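Note that this is a predicted model, so its numbers are computed, not measured.
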Amino acid sequence: MSNNASNHPSNIVPSRLLPADSYRQAEAPHLEGVRMLVVGDVMLDRYWFGDVSRISPEAPVPVVRIERREERLGGAANVARNAAALGTRCGLLGVVGSDEAGDSVEQILHESSIDSYLKRDAAISTIIKLRVIGRQQQMVRIDFEDTPTETVLRDKLTQFKALLPDYDVIILSDYNKGSLVNVAEMIAAARAAGKIVMVDPKGDDFTPYRGATMLTPNKSELKRIVGNWKSEEQLTEKAQQMREELGLQALLLTRSEEGMSLYTADEVLHVHADAREVFDVSGAGDTVIATMAAMLGAGAPLDEALATANRAGGIVVGKLGTATVTRDELFAQRRRSNDGGA
């Protein structure tokens with residue numbers, strides 16, 4: 001990147017802090033009319049829950065006696081699950097293996113009312129993240145993953161272009177597992193078709209995401225691209241420079257306990273984290289991008305979409321593992337406020 005961002009006049013824009021209760025300012029949107037396609041790295045999250053009562057005599061590690069097992073959608077599939085939980089019409093395009101785990105993903109998609117466009121790759125195994133939980137604490141995570149073959153990825157790109165007319169909002173969920181090697185072509189095709197394109201980025205190079213509507217990196221992901229910053233002003237300068245160079249309409253930075261910041265050509269919006277007990281941050285970014293995309297797809301203004309996505313992230317971190325936020329959870333306080341309640 002060039003180093004002349006401070007001389008660029010569009011970097012000097014108003015900055016605004018949204019009030020904590022700004023999500024209550026309007027009626028709950030009609031998200032059931034939003035048609036959303038999620039594309040990316042599909043995973044199966046497995047949780048083994050058990051009791052820990054002793055240390056192994058073989059090594060200084062706890063022994064977990066498994067009592068319950070649970071399967072959830074992970075990666076791009078968790079984004080789709082979040083979108084469906086909000087009431088949108090959602091489809092998922094990705095790659096899984098021709099195996100038992102792939103069958104489980106298909107089954108959960110069906111149960112979650114998500115349209116499945118999964119491509120089966122007989123040469124790989126479905127990506128699995130196995131978490132062992134003892135006394136409500138994660139003890140270890142074991143990952144199983146393979147990279148999809150080129151033939152399957154070409155077929156997936158062809159199907160992506162065929163599906164575009166049926167959807168309004170596209171989410172590209174990149175976990176750097178190999179399913180989005182054609183992401184630049186996907187973005188170009190979706191933007192040419194007039195779609196909103198949201199990208200959850202990964203890696204050391206964001207240039208393949210050029211031309212997307214919005215990128216949603218977290219702090220560590222942004223630092224890998226633009227380097228560290230010493231002040232809010234320097235962060236704004238770096239974020240705006242990257243937004244301009246990639247041709248983005250907006251850059252949404254998720255900042256953990258610091259909340260979120262949204263950078264556009266017209267202004268910078270900040271919102272504080274929705275204060276609550278943090279139980280598990282895994283999958284929170286999936287919830288944020290799904291909620292932001294759903295709100296924008298429903299025609300909500302950026303500030304309302306940002307505040308609502310921030311609230312959704314605050315709710316989901318209070319749950320164990322890759323979880324979702326339902327429409328009722330997200331807008332319950334808004335309805336009570338409009339009815340004259342709390």
Check your understanding: Among Asp99, Asp103, Asp155, whose salt bridge (charged side-chain N to carboxylate O under 4.0 Å, His left out) with Arg120 holds?
Key ->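 Exactly one pass, corresponding to Asp103.
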Point to revise | Option among Lys161, Lys156, Arg191 that satisfies the salt bridge (charged side-chain N to carboxylate O under 4.0 Å, His left out) test with Glu185 | key: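 Answer after filtering Lys161, Lys156, Arg191: Lys161.
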Does the side chain of [X] come under 3.5 Å of the side chain of [Y] through a donor N or O and an acceptor N or O?
{"X": "Thr254", "Y": "Asn218", "answer": "no"}
{"X": "Asp205", "Y": "Thr207", "answer": "yes"}
{"X": "Asp328", "Y": "Thr326", "answer": "no"}
{"X": "Ser15", "Y": "His270", "answer": "yes"}
{"X": "Thr213", "Y": "Gln249", "answer": "no"}

Tell me whether [X] is salt-bridged to [Y], with the criterion being a basic N under 4.0 Å from an acidic carboxylate O.
{"X": "Glu70", "Y": "Arg68", "value": "yes"}
{"X": "Arg255", "Y": "Glu232", "value": "yes"}
{"X": "Arg141", "Y": "Asp143", "value": "yes"}
{"X": "Glu100", "Y": "Arg46", "value": "yes"}
{"X": "Glu67", "Y": "Arg65", "value": "yes"}

Return a table of donor-acceptor pairs under 3.5 angstrom between the side chains of residues 195-202 and protein atoms on other chains or two or more places apart.
residue	atom	partner	partner atom	Å
Lys195	NZ	Leu164	O	3.2
Lys195	NZ	Tyr167	O	2.7
Lys202	NZ	Glu221	OE2	3.0

Could you check if a side-chain atom of [X] sits within less than 4.5 angstrom of a side-chain atom of [Y], using non-hydrogen atoms only?
{"X": "Val42", "Y": "Val105", "answer": "yes"}
{"X": "Met292", "Y": "Leu262", "answer": "yes"}
{"X": "Leu163", "Y": "Gln159", "answer": "yes"}
{"X": "Asp121", "Y": "Leu153", "answer": "no"}
{"X": "Leu253", "Y": "Leu235", "answer": "yes"}
{"X": "Tyr117", "Y": "Leu92", "answer": "no"}

**Study point:** Cation over ring face, Lys219 and Trp229, 6.0 Å, 45°
**Key:**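 No; the conditions do not both hold, so Lys219 does not lie above the ring face of Trp229.
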Review point. Is the NZ or CZ atom of Arg72 positioned over Tyr47's six-membered ring, under 6.0 angstrom from the centre and within 45° of the axis?
Key: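 Yes, Arg72 and Tyr47 form such a contact.
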Look up atom [atom1] in [X] and atom [atom2] in [Y], then write down how far apart they are to the nearest 0.5 Å.
{"X": "Ile128", "Y": "Glu71", "atom1": "CD1", "atom2": "CD", "answer": "8.0 Å"}
{"X": "Ile142", "Y": "Lys129", "atom1": "CD1", "atom2": "NZ", "answer": "13.5 Å"}
{"X": "Phe206", "Y": "Leu215", "atom1": "CZ", "atom2": "CG", "answer": "6.0 Å"}
{"X": "Asp168", "Y": "Arg35", "atom1": "CG", "atom2": "CZ", "answer": "4.0 Å"}
{"X": "Ile170", "Y": "Phe160", "atom1": "CD1", "atom2": "CZ", "answer": "5.0 Å"}
{"X": "Glu258", "Y": "His272", "atom1": "CD", "atom2": "NE2", "answer": "10.5 Å"}

Point to revise | Under 3.5 Å donor-acceptor, Ser173 side chain and Gly40 backbone | key: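 Checking the backbone N and O of Gly40 against the side chain of Ser173, no donor-acceptor pair under 3.5 Å is found.
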Review point. Is it true that a side-chain atom of Arg210 and a backbone atom of Glu245 form a donor plus acceptor pair closer than 3.5 Å?
Key: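 Here the side-chain-to-backbone pair exists.
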Exercise for review: Would you indicate whether Glu150, at its atom CD, is surrounded by more than 12 heavy atoms from other residues, nucleotides or ligands within a distance under 6.0 Å?
Suggested key: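 Not more than 12 within 6.0 Å, no.
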Point to revise | Other residues, nucleotides, ligands: >12 heavy atoms within 6.0 Å of Glu111 CD | key: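 More than 12 heavy atoms, drawn from other residues, nucleotides or ligands, come within 6.0 Å of this atom.
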Practice item. Please answer: with hydrophobic residues joined when any side-chain heavy atoms are less than 4.5 Å apart, are Leu73 and Met36 in the same cluster? Key: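 Yes, Leu73 connects to Met36 through the hydrophobic network.
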**Study point:** Reference residue Asn82; test side chain to side chain donor-acceptor pair (under 3.5 Å); the match among Thr287, Thr291, Thr88, Asp286
**Key:**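 Single pass found, and it is Thr287.
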Check your understanding: What pair of heavy atoms forms the shortest contact from Ala84 to Ile114, and how long is it?
Key ->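 The pair with the smallest heavy-atom distance is CB-CG1, 3.7 Å.
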Exercise for review: Go through the structure and list residues passing ring-ring contact (aromatic ring centres under 6.0 Å, His included) with Tyr263, not counting sequence neighbours.
Suggested key: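 Expected list: none.
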